[in-house]
Structures are given as C-alpha cells and as structure tokens.
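Every chain is numbered from 1 and lettered A, B, ... according to where its sequence line falls, protein lines coming before strand lines.
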There are 2 protein chains.
Amino acid sequence: MSRRASVYPASDPPSAGVARAASLADVAKLAGVSAGTVSRSLYRPQMISGATRERVQDAVDRLGYLANGAARALTMRRTMTVGAVVPRFGSSSFPALVQSLETRMSAQGYTLLLSAPDQRGPNAASVLRALLERGVDAVALLGVEQPASVLNLLHAHAVPYVLMWAPPNAEGRCIGFDEPRASRLLVEHLHGLGHRNVAYIGAPGADSERARRRFNDLTRAMAACGMRLCNDGFIEIDHGFGEGFTAMRAILPHRAQYSAVICSSDYLAAGALAALDQAGIAVPGELSVASFNDNEFAAFVHPPLTTVRLPIRELGEQAANYLLAYLRDEPLAPPTALPVHLQIRASTGPTRPGATA
Amino acid sequence: MSRRASVYPASDPPSAGVARAASLADVAKLAGVSAGTVSRSLYRPQMISGATRERVQDAVDRLGYLANGAARALTMRRTMTVGAVVPRFGSSSFPALVQSLETRMSAQGYTLLLSAPDQRGPNAASVLRALLERGVDAVALLGVEQPASVLNLLHAHAVPYVLMWAPPNAEGRCIGFDEPRASRLLVEHLHGLGHRNVAYIGAPGADSERARRRFNDLTRAMAACGMRLCNDGFIEIDHGFGEGFTAMRAILPHRAQYSAVICSSDYLAAGALAALDQAGIAVPGELSVASFNDNEFAAFVHPPLTTVRLPIRELGEQAANYLLAYLRDEPLAPPTALPVHLQIRASTGPTRPGATA
DNA sequence: TTGTATGCGTTATCAA
DNA sequence: TTGATAACGCATACAA
C-alpha cells in the first residue's frame with residue numbers, strides 16, 4: 001500500500017479573509033455566558049433555561065454564527081457526510097440513482113460527497129482515500145468490481161459501505177436488482193412470441209462486470225429454453241442513443257439470422273428503434289425489440305417495445321436505508337435483490353403512419 | 001477479487017470497533033520521531049532527511065495511516081471541498097453539468113459536496129447552511145433566482161461562489177450562455193424559412209426564472225422580425241420526454257395557427273417529434289421543429305431538427321475555473337456568456353420511409 | 001442550570 | 001533537520 005497521495009497542495013494559503021468567522025466563544029462573549037452553555041443551548045436546548053437560551057439565540061443571530069464542522073467533527077468523530085463513488089456518472093441512469101440516494105440521506109441530515117472518477121482502476125483507491133480523509137461516515141459505491149485495494153481500505157478503516165447495483169455476495173453489503181430474473185423475463189417473453197434466434201446489443205463486457213453478468217444471464221436463460229444468440233448479431237457498444245442507432249445499423253445486414261433484438265438499456269433500444277424506423281422495418285411486425293429499461297423513455301416514444309424495468313430510484317433508497325441503519329447501529333435488514341417487472345407496452349398509435357397509408 | 005483479505009469477519013460491525021484510527025502520533029511513535037516530523041515528512045518532504053522520510057513512510061504504510069481531514073481543516077482553515085447546489089438534479093442536462101464540474105475540481109484535489117434539494121424541500125438557505133457548516137471552500141449554485149437569504153449567507157461568510165446558468169449581473173460571479181443570442185438564432189432561422197407564426201413548448205415560467213427569460217428572449221426576437229407567438233400554441237410543461245409528447249398533442253388541434261414549433265429542450269423536442277411522427281405529420285415538410293438543445297440527442301434520432309447547442313460541459317468547466325481562480329487568489333477573468341451555435345441537421349435518411357414508398 | 005477544563009488530530013512557530 | 005508546544009473550535013465530563 002504505497003501512499004503519498006496527498007490531496008492537499010502544500011502551497012497557497014486560503015483566501016486571505018481578515019475577519020475570522022464567529023466562533024462559539026464569540027457568541028458566548030456577546031451573550032455573556034460560557035462557550036459550553038452556547039453549545040448546549042444550541043444542541044441540547046432542554047438543558048438550558050429559557051432566558052439564557054434566548055440571549056444565546058440572539059447573539060447567534062446577530063453574529064450569523066455557523067458551527068465549524070471541522071471542529072465538531074474532531075470532537076464528535078462524525079461528519080454527517082457520506083461519500084458516493086459513481087464512475088461514468090454523467091451517463092445513463094446513474095444521475096437518477098444519485099438523486100434518490102441524496103434525497104434520502106439529506107432527509108436525515110447527511111450531505112453527499114460525490115466522486116465521479118472517469119476511469120476505473122488503480123485510481124479507484126485514491127478516490128476513496130480522498131473521501132475517507134474528508135471523514136465520510138459511510139460510503140456508497142457503484143458497481144461490483146471493486147479492486148481489492150478499495151475493499152481493503154474500507155475494511156481497514158472500518159467504514160460502513162454499500163455496493164450499489166451489485167449482486168448479493170458473501171459479505172452482504174450489496175444491493176442490486178434481480179438481474180437473472182430480468183434476463184429470464186425478457187427471454188421467455190420473446191420465446192413465447194415464437195422467437196428462437198436473437199441479436200443482442202449491450203455494453204462492453206471488458207469494461208464492466210455488470211455487462212458480463214448480464215450477457216451470461218441472457219445466454220443462460222436462452223439456453224434453458226432452446227434459444228440461441230446469433231453470432232453476427234452480437235454487438236458490444238457503449239451506452240447511448242447514437243450508439244444504439246449505430247449498432248442496429250451494423251447488425252442489420254445479418255437480419256436473416258435473427259427475428260428479435262435485445263438491448264441492454266433503453267437508450268440503446270431507442271437508438272436501435274430509430275435505426276429500424278429509418279430502415280423501414282416494422283416493429284414488432286418484422287422484428288421484435290426488447291430491452292432492459294432504467295429510464296422509462298424508449299418505451300414511451302416507441303411503444304411496441306417490451307422492457308424489464310429496473311427500479312433505479314428504489315435502489316438509491318435502499319442503499320441509503322442500509323447505510324442509515326448502519327450509522328444508527330440498528331440491526332441490518334439483509335439486503336435483497338430488488339424485484340424487476342416485465343412491461344409490455346402496446347402501441348399508442350401508428351409508429352410509421354405513412355406505411356399504413 | 002480476493003475478499004478474504006479482510007481482517008474483519010463479515011458479521012463484525014465496524015462501528016463496534018474500539019480501536020481508533022491511527023493518528024499522526026501513532027505513526028510518530030512507531031517511526032521513533034515526533035508528530036511534527038511525520039506531518040512535514042508527508043507534506044513537506046523536502047524539509048526532511050531521506051532516512052527519516054523512509055522510516056516515516058514505512059510506519060505510515062504499516063498502520064494504514066490516513067490523515068484526519070477534520071483536524072487538518074481546523075488548523076488549515078480549508079477543507080479542499082466545494083459545495084454544489086443543483087435543484088432538480090436528476091432531470092435534464094444537470095447531470096452533465098455536475099459531471100464536468102466535478103471532473104475539473106477533482107483534478108485540483110477538490111471534492112464535491114452535492115446538494116440536490118427538490119423544490120419544496122427545506123428552503124435554499126438551510127441547504128446552503130449545511131454546506132457552509134461542513135466547511136466548503138467555495139460553492140457553485142445552479143440558477144439565477146437565489147433568494148436574498150442565500151446571497152446574504154454567501155456574503156456574510158465571505159465564501160467564494162459562482163452562479164451557474166445565470167445571466168451576467170452587476171455582481172459578476174455568474175456564468176451562463178448567451179441565451180438572447182440563442183433565441184435570436186432560432187427565430188431568425190425559422191424566419192429565413194418563411195415561418196411567421198410559431199408555437200412554443202417550454203418549461204413553466206412560474207417555477208423558473210430561466211424559463212421566463214427564455215420566453216422573453218424568444219418573444220423579443222420574434223417581434224424584431226415581425227413574427228409572432230401563436231396564442232393557442234403556447235404550452236408550459238415540465239422538462240421531459242413524455243411531456244414533450246403530451247404537449248405536442250395538446251397543441252396539435254390548433255395547427256392551423258402555426259407553421260413551426262420551438263421547444264425549450266431537446267427532451268421536449270424529441271417527445272414532440274414523436275407525437276408528430278405518430279400523427280403522420282412530416283417534419284419539416286408540413287411543420288418545422290426547432291429546439292434549444294443541451295444533450296444532443298433529439299437531433300440524433302430525428303435529424304430534421306434545428307437546434308441551438310448550449311455548451312453544458314463548458315459551463316461546468318468555466319464554473320470550476322472561476323472558483324479555482326478565486327481559491328488561488330488569482331485575478332478573476334470576468335466571466336462572459338458562453339457562445340452558442342446553430343446546428344442544422346439534414347436528414348440522414350427517410351424519417352418515415354413508408355411515406356416515400 | 002451553568003462554568004471550567006480537557007482532548008480531538010493536525011499544522012505552525014519557535015528553539016535546539 | 002528535528003522536537004516541543006501552542007493554537008484551531010467544539011463537545012463533554014466534571015464541578016459548582
């Protein structure tokens with residue numbers, strides 16, 4: 001474990017504010033009481049008489065006193081801060097996840113320290129280190145594939161943590177979706193429609209354990225009911241609208257080999273549907289499209305799409321609940337995989353009205 | 001991924017651990033030097049001899065020492081932390097903004113404390129107060145309409161701050177887009193195509209100063225070239241895919257009154273285009289659609305769309321640069337409105353191929 | 001109910 | 001180059 005990862009530059013002083021912020025002592029002086037009394041008056045009001053409490057409050061208001069979190073953290077050994085590490089944060093459905101996590105935690109007085117490292121790997125540990133040095137009370141990490149260095153840090157410093165969007169493991173501390181079932185639902189749905197050969201557009205497995213697992217789940221589910229993945233209809237591509245479009249166009253020449261397409265996200269699906277639309281291929285008449293769905297939007301625009309909904313917001317809430325329980329030393333409800341649901345949307349109107357004319 | 005590396009059994013709650021984290025004193029004792037020497041060795045290595053430096057580093061590694069940020073913040077009067085307040089964070093293009101802000105700041109060693117208050121939650125001032133109590137070195141706030149209480153707090157505590165996506169004002173400290181120009185570009189483009197009566201789908205002005213300004217910019221630009229906004233073609237609706245769809249359907253009955261539609265975001269535009277698609281209305285043959293665009297995605301799927309691109313990522317970077325300059329006591333480059341650009345995308349293929357058959 | 005004193009872990013000042 | 005010591009601002013055990 002080599003260190004030397006100082007996040008603090010050794011140079012510049014803070015912006016030279018001449019007047020220091022009001023401290024407890026300042027308030028105490030103005031109110032004519034002791035510092036301890038001020039502290040108690042603010043955070044243990046029942047210990048203080050009404051009269052002094054008023055004088056204190058008055059002084060607080062006049063000075064615009066704000067507690068110094070660093071000093072408090074130093075004595076309390078607690079910062080009311082939790083870290084979140086969410087790689088590739090800007091894309092896909094992660095914002096919704098962070099949103100729900102933040103909402104829940106802030107309702108309990110916690111603030112989120114957000115890290116969104118661009119690249120995975122060796123720097124994951126130093127990102128976490130930065131969070132730990134800032135004294136986070138707990139950490140929520142996105143993803144399964146935490147390097148050993150990260151887990152070691154977590155354990156060595158005894159920080160409560162939770163792995164979001166990760167399958168259950170021996171350690172517990174994971175909250176995820178019932179992804180195997182999600183795959184089964186999609187596959188069985190397509191099977192029921194008579195499809196036997198399927199194309200797949202998904203995220204690159206090399207980058208993501210999640211993508212690899214999903215691919216495995218799918219092939220397993222297909223094998224179980226005698227279906228197969230079409231070789232020339234398998235595309236790995238990053239998550240995104242344009243990517244789905246591009247991918248669909250790429251596998252279109254091999255269309256004879258499959259009668260349905262599964263996309264690993266609704267963004268990809270929406271792009272794929274757009275490509276099909278432009279190519280004049282009717283969905284689902286000529287080709288079925290099914291998708292894992294986390295933002296509920298592809299399905300909206302292109303109704304004839306079957307999706308499995310992954311409850312993202314619930315994931316964030318569950319993660320928050322888990323951490324909060326930990327922080328309260330309450331017994332931990334063993335985290336389970338969140339249930340997923342099949343959504344089959346009928347068309348709300350002609351997709352390509354011209355075709356019907 | 002070796003999980004057994006942990007010293008702690010999975011059942012053992014860390015909070016029960018009596019052992020405190022290693023401190024500077026612990027490291028010092030192990031290395032046989034004083035605490036001050038350890039501190040200097042880590043952060044002012046040039047002041048320390050090579051031999052002691054090694055012994056210190058060794059002790060640090062063996063103890064897994066991590067600096068206590070609270071203690072450091074207390075003496076340094078600096079936390080290397082910046083706050084971000086981004087209401088309605090989960091939606092629209094804000095994630096991209098936060099992403100770029102975080103990327104830039106973290107490159108300089110700062111960590112983002114993110115607050116995403118939903119509109120009706122605790123008032124803006126208390127959200128900010130929470131951030132200030134946690135000792136943020138600076139704050140980035142999204143939006144123009146900061147209540148006086150917020151600005152007072154900011155000034156009273158002399159915290160460097162920047163208002164993102166806000167028009168320049170007397171105070172400076174604002175970074176935004178050249179929105180008036182954006183409106184002019186769109187309007188003039190439509191004017192050039194011969195349109196005179198225009199419908200508008202935008203965010204509710206009651207909720208957002210930004211929405212009000214945009215509406216004003218648009219009407220002004222239209223007035224300047226003899227165009228007008230169609231009364232029955234003006235819809236205020238929240239940002240979103242489905243919302244655009246719904247809005248477009250709502251104004252469709254009044255279609256005789258306008259020949260073009262402006263949408264205030266690409267999500268809305270994409271929804272609107274979908275609605276038009278389903279209604280069998282050719283774009284731009286029968287109706288032109290133009291949009292403010294911050295995610296570059298509506299334009300991708302539905303090529304015949306004219307957008308003005310608002311450089312979101314650049315906004316986040318500029319905000320970061322501004323704060324960083326402040327934190328370094330460097331002269332502040334007066335923030336200017338970021339330039340916007342018109343994007344006219346030609347169709348990449350038949351949108352509704354059936355229509356051409 | 002209130003005051004006093006101590007310690008939290010670090011950096012900075014001043015000696016050595 | 002290193003060590004001792006004094007802040008930093010707050011919470012709390014203990015005394016009054």
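Computed from coordinates, the B:Arg72 CZ to D:dA7 C1' distance equals 17 Å when rounded to whole Å. A:Met76 has its CE atom 6 Å from the P atom of D:dA11, to the nearest Å. Across the protein-nucleic acid pair, A:Lys29 atom NZ and D:dG9 atom P stand 12 Å apart, rounded to whole Å. Taking atom CG of B:Leu74 as the reference point, atom C1' of D:dC10 lies 8 Å away to the nearest angstrom.
Checking A:Arg328 against A:Gln108 by side-chain atom types alone, a donor-acceptor pair falls below 3.5 Å. Under 3.5 Å, the side chains of A:Ser100 and A:Thr103 contain no donor-acceptor pair of N or O atoms. A donor and an acceptor atom, one from each side chain of A:Arg134 and B:Thr111, are located under 3.5 Å apart. For the residue pair B:Gln57 and B:Arg62, no side-chain donor N or O sits within less than 3.5 Å of a side-chain acceptor on the partner.
When DNA chain C is scanned in the 5' to 3' direction for atoms under 4.0 Å from non-hydrogen atoms of chain A, the outermost contacting nucleotides are C:dT1 to C:dG9.
With sequence neighbours left out, A:Tyr110 forms a ring-ring contact (aromatic ring centres under 6.0 Å, His included) with no residue at all.
Among all heavy-atom pairs drawn from A:Leu327 and A:Val82, the shortest one is CD1-CG1, 4.5 Å.
Between B:Ser34 and the phosphate of D:dA4, there is no side-chain N or O to OP1/OP2 separation shorter than 4.0 Å.
Of the residues in residues 42-65 of chain A, those lying under 4.0 Å from DNA chain C by heavy-atom distance are A:Met47, A:Ile48, A:Ser49, A:Thr52.
Figure legend: B:Arg173 and B:Tyr326 shown without cation-pi pairing, the cationic atom not lying both under 6.0 angstrom from the six-membered ring centre and within 45 degrees of its axis.
If you check every strand for non-hydrogen atoms under 4.0 Å, B:Arg40 touches a base.
Taking 4.5 Å as the limit, every side-chain heavy atom of B:Phe89 sits out of range of all side-chain heavy atoms of A:Glu102.
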